[in-house]
Amino acid sequence: MEAFQLLSRGGVQFNKNRFKKDVDLFNKSESKSKRPQTSGQGSELPATLDFFKYAQGVEGKRKNNAGGGRPGKKRKVAEAGDKAEVELEEDMKEDETQETSKSDIENDNNIPHQRHRVTTKGSNVPDFAETFEALRDRYQLSSNLLSNLSKNGYVYPTGIQSYGAPILLEGRDLVAISPTGTGKTVSYLLPTFASLRAPVTSAGSDAGLGVRAVVLAPTRELAHQIHNECLKLTQGRKWKIVLFSKATANALSDKAVRDKIDMIVTTPLRLVASLQSGSLSLSNVRHLIFDEADRMLDKEFFPQIEEIVAACTHSKIQKAVFSATLPANAEKIAMDMLQDPVRVVVGLKDTPLPLITQSLTYVADDGSKLPSLLTYFSQPYNPPVLIFTSTQPRASSLAEELVLSGISNVDCLHAGMSKKEREDAVSRMRKGESWVMVSTEVMARGMDFKGIQEVINYDFPTTVQSYIHRIGRTGRAGRSGKAVTFFTDTDGPYLKAIANVILQSGQSVPEWITNLPKPSKMKRKQMGKTKRPETVNAARKIGRNDAIKKREMIAGSKRRKIKELAHDKESRTIPQY
DNA sequence: TCGCTTT
C-alpha cells in the first residue's frame, strides 16, 4: 500500500472548458471521493477496486452522474453560451424525425437520467421511471429486488436503467445504446428477474420446464461478471442462475437439473455446443439478451447467434440488445431480429464519456513504444493502469519487458492463456494486486474494474468501437479517468477517425491531425497490409534517439500550437465509421 | 484489413 502512495501523484484532470458545469457539480457533491492515493489514504484503495463494493455509499451516488450531461442536440438553447452545443446538431442529421427527446439539463439535481440526453424511438414508448421505487410501484417489483438494489448501493437508476427497464418490463423488444460504465447490466437484469417473477422451483410456478432467460456475452470474463451481478440482485431467493462452462453444461444431461434452471449466462459458442449435443433446449426461453451486441453480431459470432435465436421457439420471447457502440450495419441486423423494438440512446451515440481525459501520443514507430512507456513509468503514475496491445504475443512480451524493467505488479491477460490463468489475473485485478495489466482486446468490452485510473493504447485500436470500449474501462460509474493512445506512422489510416471521437467528446487534438486528409480506400488498404512487428523484443533493438529526432522533425514541420479545437466548427466532423 | 473473441 505504501508503494501505491509512492507511485501516486495527485490530481485528476477534467476537460474543464467543455464540461465545466458537470465538473463543478461533480466537485461540489463528490469532493470527498477523490482518488484515495491523492489524499494519501492508501487504506481506501481496495474499496475502490472492489467490484462488489461498486456503487456503495458515496460511490453509489457518483455513479449516477456517470456520463455527465451530454448536451441535448435538439435543445440548442440549453447552454446558449456554448457554441459547441449548437454544432452538435450537425452530427445528428441521420436521426429520424419521429423520435422523442427528453432532456433535462435544467433540472440540475442528482437524478441520474437527468445528467444525460436520452432519446427514444419506437411505437408507444413506455414512460421512463425516475426512481427504483416508481418502477416497483408501477410494475409490482418484489421487495427482495428493491432491497438487493439498495443493499448493493444502487440509489437512483441511471439513464439506461430508468428508460430501459420499463420498456423491458412491458415486454417490449429493446435496442439500448448507452456509454461504457453506465449500468447497462442492471438495466436488463432487473426487469428480467422481475418478469420471471419467481424461481422455477418455487411453489405454484407456472414457468414451464427449462431455462427461461439467457444472457449472451462475448467473453468468459464478462459472462462471469454478469453472473456475479445476477447473484447480487437475487440474494435471499432461490434463483438458479448458471454461469455456463464445460462443467455446468455437462451437468445438464440430468433433466432434473436442467429443468430447475432459471437463467443461463454464457458465451455463444458454449451454448451452441450444448444445443448441438442435444443436452439443452431453449424452447422455454422468454428473455434473450445480447450484451455487447455489436460484437455479438460480428461475423465470427453471428452464425452462432442465428442458431441460438432459432432455438428459442417460445412464442413470447423478448429480445434485447445492449452496447455502448452500435454501428449502423449492426443495428440493422439487430433491428431485423427484433419485433417492434424500442430504441433508446443515452448520451451521444458512439461518444466516450466526457470524464475520460483522452490524449494521443506520437511515438514514431513500433520501436519507440517501449522506451516511451518506460519513460511514462519512470514518472509517478496512478495505478492501476490497463495497457492494450494488438496481439497475444505482444501482450505477453510487453508484460515481460515491463517486469524486466523493474515495474511492480505487472500482469497479463489474453485469451491464449488457460482458463485458470485468466481467472487468476482477473482476480488479482479485482483485488487491486495488479498495478499494470497488459491485455488484448479480450479485456476491451464490459469489464468493470472500478479503480482503473488510466488506459494506455500501446497499439492503436483498429476501429472506433474498439477505441471507445477500451478507454471505457476507466472513468466508470461517474469516476474520472485518463486514456493515452500511442500512434505511429503506420497508424495513419485510423488516426483521424479516433481524433474525431476525441473531438466529439469535447476534447482537443493537435490541429495537424484534424487537418489530415481522409485516407482513400486504396491507401487504407495498402497501409492495412503493412505488417506489424511480432514482438517488442524486436522493437527494442531500434534506438530511441531516432524516435526523438523524428518526433522533433515532425514537431517542427507539422505541429502547430495546440489549440482548443472543441469549439472550432471546421474541425467538428462526423467520425468515419 | 487483421487479430481479437467464442469449445
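Lettering follows sequence order; numbering is per chain, from 1.
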Would you please confirm or rule out a distance under 4.0 Å between OP1 or OP2 of [N] and any side-chain N or O of [X]?
{"X": "R270(A)", "N": "dT5(B)", "answer": "no"}
{"X": "R394(A)", "N": "dG3(B)", "answer": "no"}
{"X": "T219(A)", "N": "dT6(B)", "answer": "no"}
{"X": "T462(A)", "N": "dC4(B)", "answer": "no"}

Nearest heavy-atom contact between L353(A) and T182(A) is CD2-CG2, 4.3 Å
Between [N] ([atom2]) and [X] ([atom1]): distance, integer Å:
{"X": "R422(A)", "N": "dT5(B)", "atom1": "CZ", "atom2": "C1'", "answer": "8 Å"}
{"X": "F290(A)", "N": "dT5(B)", "atom1": "CZ", "atom2": "P", "answer": "22 Å"}
{"X": "K419(A)", "N": "dT6(B)", "atom1": "NZ", "atom2": "P", "answer": "11 Å"}
{"X": "D298(A)", "N": "dC2(B)", "atom1": "CG", "atom2": "P", "answer": "15 Å"}
{"X": "L269(A)", "N": "dT7(B)", "atom1": "CG", "atom2": "P", "answer": "6 Å"}
{"X": "H469(A)", "N": "dG3(B)", "atom1": "NE2", "atom2": "P", "answer": "21 Å"}

| field | Minimum side-chain heavy-atom gap M447(A)-L222(A) below 4.5 Å | value | yes
Measure the shortest side-chain to side-chain distance between T185(A) and F322(A) over non-hydrogen atoms and say whether it is less than 4.5 angstrom.
-> no
Donor-acceptor pair under 3.5 Å, R295(A) side chain vs dC4(B) base: yes
Check your understanding: Counting only distance, no hydrogens or angles, is the base of dT6(B) paired donor-acceptor with the side chain of Q304(A) under 3.5 Å?
Key -> yes
Would you classify [X] as touching base, sugar-phosphate or nothing, given that sugar-phosphate means primed atoms plus P, OP1 and OP2, and contacts are heavy atoms under 4.0 Å?
{"X": "P218(A)", "value": "sugar-phosphate"}
{"X": "R470(A)", "value": "nothing"}
{"X": "A273(A)", "value": "nothing"}

- Query: Does R343(A) come within less than 4.0 Å of E331(A), counting only side-chain N to carboxylate O?
  - Reply: yes
Given [options], identify the nucleotide with an atom nearest to the side chain of [X].
{"X": "E300(A)", "options": "dT1(B), dT7(B), dC4(B)", "answer": "dC4(B)"}
{"X": "K246(A)", "options": "dT7(B), dT5(B), dC2(B)", "answer": "dT7(B)"}
{"X": "Q392(A)", "options": "dT5(B), dT1(B), dT6(B)", "answer": "dT5(B)"}

By ring-ring contact (aromatic ring centres under 6.0 Å, His included), F487(A) pairs with (sequence neighbours left out) Y362(A)
